[in-house]
Number of protein chains: 2
Amino acid sequence: MTALRPLRPSSKVLPVDARGHNRSLVLQTLYREGTRSRADIARETGLTRVTVSALVAELIADGLVVELGQREETRPGKPATLLDLDRSAFVIVGLDLSEHSVFTGALLDLDGAISARAEVALEGSTGDEAVEKVEALAARLIEQATAPVLGIGVGSPGVVDLGGVVLSAPNLGWNGVPLQSILADRFGVPVLVANDANAAVLAEHSFGGADSDAMLITIGHGVGAGLLLGGTPLFGSRFAAGEIGHVVVGTDGGAVCACGKRGCLETWLSIPNLIDRLEGEQGAARTAVLQEAGQRLGMSLAPVVGALDLSEVILSGPTELLDGPLMAATVETLRSRTMAEFHGSLTLRMTTLGADIVLRGAAVMVLSGQLGVS
Amino acid sequence: MTALRPLRPSSKVLPVDARGHNRSLVLQTLYREGTRSRADIARETGLTRVTVSALVAELIADGLVVELGQREETRPGKPATLLDLDRSAFVIVGLDLSEHSVFTGALLDLDGAISARAEVALEGSTGDEAVEKVEALAARLIEQATAPVLGIGVGSPGVVDLGGVVLSAPNLGWNGVPLQSILADRFGVPVLVANDANAAVLAEHSFGGADSDAMLITIGHGVGAGLLLGGTPLFGSRFAAGEIGHVVVGTDGGAVCACGKRGCLETWLSIPNLIDRLEGEQGAARTAVLQEAGQRLGMSLAPVVGALDLSEVILSGPTELLDGPLMAATVETLRSRTMAEFHGSLTLRMTTLGADIVLRGAAVMVLSGQLGVS
DNA sequence: CATGTTTGTTAGTAAAGCTTACGAACTTAT
DNA sequence: ATAAGTTCGTAAGCTTTACTAACAAACATG
């Protein structure tokens, strides 16, 4: 008889786990700050020079870190030996399954730069056929790799659990597809699978300058969101966090949605619906349609921004539709519906990463999972 | 030149830190599962019997754990020596500053049971005068303590940062009041200060059976919320997470709020406003007022529940107003505005902890901060 | 009564990071 | 030019941690 309900048991920590953490810490310092000496790393991490030397020796043996020779800068004392990540030592395979009619993929280096691309047309494939197309795409990219593959990252539409099983992706006809283990078995490298919007918000955090509390809205065939809270992605109790497309917005009806309800956010904001509404409209009428959509988005987001105290909301999707009256109306609605004094510094902007955002997010997943850097 | 923006540096981990973690793990096992032998703990934690013995010896020396004698149960092998937390070894001081005209406080044991109470009338005090009343209340409770004080937990209204500074609490006239250090300096024991709704959701998780993803709405003089995501409280980028009282709900105007906007959630739902609206109403008219308030709450919560994939929403406040037509309307609105297939198991209920919820949450903060149990 | 089981402890080992010390290589002051 | 001071990386030895192996104590069972 105890007053507390059981929590999932947290696990023991051995000294060897601490070692792994400190190894990642050294790696992260080099990754983020760039060229550094062993003594620099010791100062920045708080570890001793001795310990850093041992960890660096291990990283050099693993081929992750290289010595670059002595520091040029002239100052007293023995010159430092500079180190850096060997940013060409590995490549990462990133896959984006979120587009409507095509799977895209790329080879990325440790900095997230894209060195090769490939894609495969979906042609209406679903189920196993679609899985085979994912495998073929990955195989094609791995063939082109000029360095060992660190891992495969996948941004998939739908609901994905922590083990990389796609629980539900209606467009692809997937229900409980264990994509992670399928790819891991086939290619023998680490595989990480997540929802596309979650991947995107990670990319925006790592490469796009987003805060560690941010929300990224993907607007395309559907409407979804990825949430980053305290630097950690939010998955939700049923792995369905960010599924905001089918939340009803407003009290005044709205169009009937594919899901059966009336006035879902997607009926206002998804690109197909938006294009339908804009059909033939010009000038002020066109602006009015975009403003209405923006207001609806703002109304939907206001309670979330207030409840989570978000400082940054980012939009991803077709710039020509989103970046203008729509976004202006969203920010105006957000400000007028939340506490201005608290949210004075709330920013709303387009992603800076364009169409590659999911691919680069998939790479971040691998970097963070395999190297502990992110 | 690196592609990643700097993150706040995470810190090194020494073997001694791992030791502390494992010590907490043993403590947590005893706290949650109750009476256990060393061998039981070893099996449940994955640590060896040797290591557990060493950790238990330390905990016994600290007075946190006691031996209870041999297990009665008859089975082969040497009989086990049973252990348990010494649940009367320490007391916790919990303070609730969230009520409108009175500060309440209590002495709690390690199980969160209340053994003494005290309160002090606010009588309009603000600023330093209010701080002095907090100190007096704590002093009065500490005098009554029959065991060493493990720490002081405080649930305060307003915005509280991670260092226990009350950045803003308009009702008390507090702006940047370092309550944690004031109390720590005065009483020489660990002090933890957090927002009242955050404290409340912790209590509901520890003592009320709430899931590790839950949202607790406090409805009183104002309307606030505490969020628990993955078992961790959410604070937000400016420590203002949960401030949903001044989010505008609906598109049809509504009453003017103290904050200047029109149609804030508080204008529909705060207890003073609700009582005003109910003034003189009976029967169906009364029900209609409560239903309207419940619908407004549901409209506000729907985007949050959808975005966070919450499975549990809990209300705290006067049962006679909330637990009836209001709550029924809220759950109905929530279901009709979110994806039923995902949120089939969404539950909305009243807290089971009554008026002591903040006091007990304050105790959880101390338990979790000082013993690593929660 | 012999055998097997379970508990808690003792003894010894491996790993991790620490402190102390030192040689190498450089700048700066005399 | 020489001496002194500074900085870097490494070596040696220590402390802490949790591990394995082994054992005595205390019980049940055939």
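Here is the naming used below: chain letters follow the sequence lines, and residue numbers restart at 1 for every chain.
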At less than 4.0 Å, is any side-chain N or O atom of [X] found next to OP1 or OP2 of [N]? Yes or no.
X	N	result
A/Thr48	C/dG17	no
A/Arg19	C/dG17	yes
B/Arg38	C/dT9	yes
A/Thr51	C/dA16	no
B/Lys12	C/dC18	yes
A/Asn22	C/dA16	no

Could you pick out which residue, A/Pro79 or A/Pro15, lies toward the 5' side of DNA chain C when each is mapped onto its nearest nucleotide?
->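 Its nearest nucleotide lies further toward 5', so the answer is A/Pro15.
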Notebook entry, point to check: Between A/Leu47 and A/Gly77, which has a closest nucleotide on DNA chain C that is more 5'?
Noted result: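 Nearer the 5' end of the strand: A/Leu47.
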Could you give the [atom1]-to-[atom2] distance, from [X] to [N], as a whole number of Å?
X	N	atom1	atom2	result
B/Leu55	D/dT16	CG	P	15 Å
A/Leu14	D/dT16	CG	C1'	14 Å
A/Arg36	D/dC8	CZ	P	12 Å
A/Arg71	D/dT6	CZ	C1'	14 Å
A/His21	C/dA15	NE2	C1'	18 Å
B/Arg23	D/dT16	CZ	C1'	16 Å
B/Ile60	C/dG8	CD1	P	11 Å
B/Ile41	C/dT7	CD1	P	12 Å

Among [options], which nucleotide sits nearest the side chain of [X]?
X	options	result
A/Ser37	C/dT9, D/dG9, C/dG17	D/dG9
A/Lys78	C/dG23, C/dA16, C/dT19	C/dG23
A/Thr81	C/dT7, D/dG9, D/dA18	D/dG9
B/Arg49	C/dT7, C/dA25, C/dC18	C/dT7
B/Pro76	C/dG8, D/dG9, C/dT5	C/dT5
A/Ala39	D/dA18, D/dC8, C/dC26	D/dC8
B/Val16	C/dC18, D/dT17, D/dC19	D/dT17
A/Ser53	D/dG9, D/dA18, C/dA16	D/dG9

Need to verify one output field. Residue with the more 5' nearest nucleotide on DNA chain D, A/Arg75 or A/Val50?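 Per heavy-atom nearest nucleotide, the more 5' residue is A/Arg75.
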Treating [X] as the side-chain partner and [Y] as the backbone partner, does any N or O pair qualify as donor plus acceptor under 3.5 Å?
X	Y	result
A/His21	B/Ser11	yes
B/Tyr31	B/Leu110	yes
B/His205	B/Asp213	no
B/Ser24	B/Leu371	yes

Query raised in the report: Considering only heavy atoms from C-beta outward, does the side chain of B/Ser37 approach that of B/Asp40 to under 4.5 Å?
Result: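 Yes - at least one pair of side-chain heavy atoms lies under 4.5 Å apart.
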May I ask you to say what B/Arg43 touches in the nucleic acid, namely base, sugar-phosphate or nothing, with a heavy-atom cut-off under 4.0 Å?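 Contact class for B/Arg43: sugar-phosphate only.
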> How many angstroms lie between CG in A/Leu59 and CG in A/Leu27, if you round to the nearest 0.5 Å?
Replying inline: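 Going from CG on A/Leu59 over to CG on A/Leu27, the span is 5.5 Å.
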